[in-house]
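A short write-up of the structure that comes next.
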Amino acid sequence: MKGLILALDLLGGLGVFLLGIKMMSDGLQKAAGDRLRRIISRATTNRFTATLSGILATSIIQSSSATTVMVVGFASAGLLNLSQSLGVIFGANIGTTTTAWLISILGFKVDISLFAMPMIGVGFFSQFIKKWPLVRRIGEAMLGFGLLFLGLSLIQGSIPDLQNSPAVVEWVVKFRPDTLLSLLAVIGVGSVLTVIFQSSSAVMAVTLTCAAKGLIDYPTACALVLGENIGTTITANIAAIGAPLAAKRAALGHMLFNVLGVIWAVILFHPFLELIAWIVPGSTQGNDPQVLLTSIPYHLAAFHTTFNIINTAVMLIFIKPFERLILFFLPMKRNEQNQTELRYLKVGVTTTPELFISAAHKEIDLMAGMTSTIVSKLLHAMKADSSELFEHMVQDVYAQEKASDTLEYKITEFLKNLTHEQLSRDMVSEVMKLLDQTNYLEKIADHGERIAKLLTKAHEQKLFSEPDYERLDTIGKQVKLIIKHMRSTILPTQKMDKIFLKIKFLPSHLRSTRIF
């Protein structure tokens with residue numbers, strides 16, 4: 001019965017700790033606003049800039065899971081390619097180590113209630129300040145921060161001291177990483193606990209607390225930390241369920257990055273511990289309070305940070321082979337090359353309406369490229385020097401137009417369904433603009449099909465003169481320029497109307513045909 005009460009107390013402390021992490025992360029994300037998303041989404045092809053973006057974003061929101069989930073969302077929307085996604089994920093793994101340092105510095109040296117309870121009070125009552133949204137968001141972060149340390153205090157109170165739990169000590173000693181098999185067992189325990197609680201920070205807090213109370217020794221705690229690094233990858237993989245292949249590759253990259261890192265750490269486990277001992281002064285042996293409350297937590301935080309820094313440094317050097325490894329496990333699917341399939345507008349577990357807008361831009365850009373190809377095929381058909389080449393170009397136009405019909409329908413249906421979500425007025429306006437752009441592109445494709453039919457008739461009956469072909473060539477080149485401009489900027493709807501004014505320049509005997 002006593003053991004059940006201790007377990008429930010520990011579970012309650014973990015619940016408060018996790019609630020604090022969530023509230024603090026949400027509050028900081030809201031306070032940062034779009035700036036946080038821009039930090040990640042503007043990660044350039046430079047792998048080092050992407051890594052710094054991941055470190056900064058994760059240090060701000062104190063959650064590598066939140067950062068990796070955002071990366072999966074950005075990859076789904078086509079805002080980040082695989083190389084950029086990996087860079088941000090590498091940085092997130094380094095950024096998340098700040099939690100261990102925070103707990104090590106503050107969690108075992110001072111009375112947590114001295115600042116946890118005031119922060120909870122100030123943070124809670126700031127929620128009633130309606131006039132200043134930023135104050136409310138910072139207050140939410142303060143409330144989360146206070147709950148985080150209150151949860152840590154409850155965890156410390158629920159875990160018994162070493163001297164009072166000899167039976168527990170005997171059981172824990174069996175899991176010391178003295179052999180390879182026992183080391184892998186401890187790593188497995190850390191992974192499972194992290195998967196269960198969906199937070200490496202929470203399991204890290206328990207690990208630090210157990211080590212600070214002498215319940216587990218330093219090598220065991222380090223092995224648990226390695227397991228936590230594997231377990232935390234489950235969040236990104238859950239987020240990638242139902243998402244495009246690019247998002248699945250980013251999630252797989254996160255898992256492989258941590259798993260490969262743990263492999264070398266297992267092989268060099270004891271030399272790695274000696275390296276940490278050389279970097280951080282102080283002993284990790286014995287039950288002296290100074291060792292338990294200061295030296296071991298600092299060594300654990302340094303172990304966590306150094307492990308991720310070494311991982312990142314190695315992977316940044318070999319990022320291209322690492323990308324090829326990911327592509328080996330998740331190669332391009334057949335429907336990824338299908339022009340009638342949506343590549344970015346797919347409903348994943350964590351995708352938000354804001355990212356759907358970005359994904360829609362990508363889909364419309366693909367449709368614009370398809371429309372530009374139709375115009376190019378028509379221009380080549382007019383200059384074809386053989387009937388076979390002419391027929392080939394015309395058939396390509398028909399195929400592209402049919403594909404654009406299907407793509408236009410799918411994009412339109414997706415955007416119409418998106419309007420049923422809770423969108424801001426600006427986002428609704430953006431959706432309507434995207435619908436207009438999709439409609440205009442489809443009209444261009446439709447006109448391309450009609451012109452193809454007209455060219456076929458003219459080719460068979462010799463209806464066009466050389467000036468007629470020159471005028472069509474001029475119109476086609478102007479349309480291509482407009483589409484090119486559209487793809488490089490956010491195109492105002494009115495500019496698309498100019499495309500259809502070009503029809504007026506056609507000879508009257510062509511405009512009077514049933515095709516137009």
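Being a predicted model, the structure only gives us computed values, none of them experimental.
- For the pair K410 and E413, the salt-bridge criterion is not met [side-chain N within less than 4.0 Å of a carboxylate O].
- Under the side chain to side chain donor-acceptor pair (under 3.5 Å) test applied with N93, the options N258, T312, T51 reduce to a single match, N258.
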What's the verdict on side-chain contact (heavy atoms from CB on, under 4.5 Å) for I296 and L300, showing C-alpha distance, side-chain angles and the deciding distance?
CA-CA 6 Å; I296 289 181; L300 272 177; 4.3 Å; yes
side-chain contact (heavy atoms from CB on, under 4.5 Å) assessment of V203 paired with L224
CA-CA 9 Å; V203 183; L224 286 172; over 6 Å; no
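- Atoms OG and CZ, from S83 and F322 in turn, are 11.0 Å apart once rounded to the nearest 0.5 Å.
- For the pair R249 (side chain) and L327 (backbone), a donor-acceptor distance under 3.5 Å is absent.
- For the residue pair T179 / S182, a side-chain donor-acceptor distance below 3.5 Å is found, with atom types taken as modelled.
- A donor-acceptor contact under 3.5 angstrom links the side chains of E228 and T207, judged on distance only.
- Expressed to the nearest 0.5 Å, how far CD1 of I263 lies from CG of L256 amounts to 9.0 Å.
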Please determine whether side-chain contact (heavy atoms from CB on, under 4.5 Å) holds for the pair M315 and L86, giving the CA-CA distance in whole Å, both sets of side-chain angles, and the decisive distance to 0.1 Å.
CA-CA 9 Å; M315 287 301 180; L86 292 175; over 6 Å; no
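- A donor-acceptor pair under 3.5 Å is formed between the side chain of S191 and the backbone N or O of G227.
- Considering CZ of F414 and CG of L434, their distance stands at 12.0 Å, rounded to 0.5 Å.
- Distance check: N229 CG to N311 CG gives 7.5 Å after rounding to the nearest 0.5 Å.
- At least one side-chain heavy atom of K416 sits less than 4.5 Å from a side-chain heavy atom of T412.
- Of all heavy-atom pairs between V280 and A302, the closest is CG2-CB, 3.4 Å.
- For the atom pair CD1 (I55) and CD1 (I309), the distance works out to 7.5 Å, reported to the nearest 0.5 Å.
- Under the 3.5 Å distance criterion, the side-chain polar atoms of T220 are left unmatched by any main-chain donor or acceptor of I216.
- Between the side chain of T233 and the main chain of H254, no donor-acceptor pair closer than 3.5 Å is present.
- When every heavy atom of L208 is checked against every heavy atom of A100, the shortest pair comes out as CD1-O, 4.0 Å.
- Residues I319 and F90 approach most closely at CD1-CE1, 4.2 Å, considering heavy atoms.
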For L325 and L260, what are the C-alpha separation, side-chain angles and deciding distance, and is it a side-chain contact (heavy atoms from CB on, under 4.5 Å)?
CA-CA 12 Å; L325 178 64; L260 292 174; 4.3 Å; yes
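- Between the side chain of H299 and the backbone N or O of Y218, no donor-acceptor pair lies under 3.5 Å.
- Between F272 and F303, the ring centre distance stays below 6.0 Å.
- The shortest heavy-atom contact between L82 and A250 is CD1-N, 4.2 Å.
- Side-chain N or O atoms of T97 include one that pairs as donor or acceptor with a backbone N or O of I94 at under 3.5 Å.
- Scanning both residues, A223 and I187, for their nearest heavy atoms gives O-CG1, 3.5 Å.
- Separating the SG atom in C222 from the CD1 atom in I276 is a distance of 7.5 Å, to the nearest 0.5 Å.
- In this structure, S85 contributes its side chain and N81 its backbone to a donor-acceptor pair below 3.5 Å.
- Minimum heavy-atom separation, Q84 to A50: O-CB, 3.8 Å.
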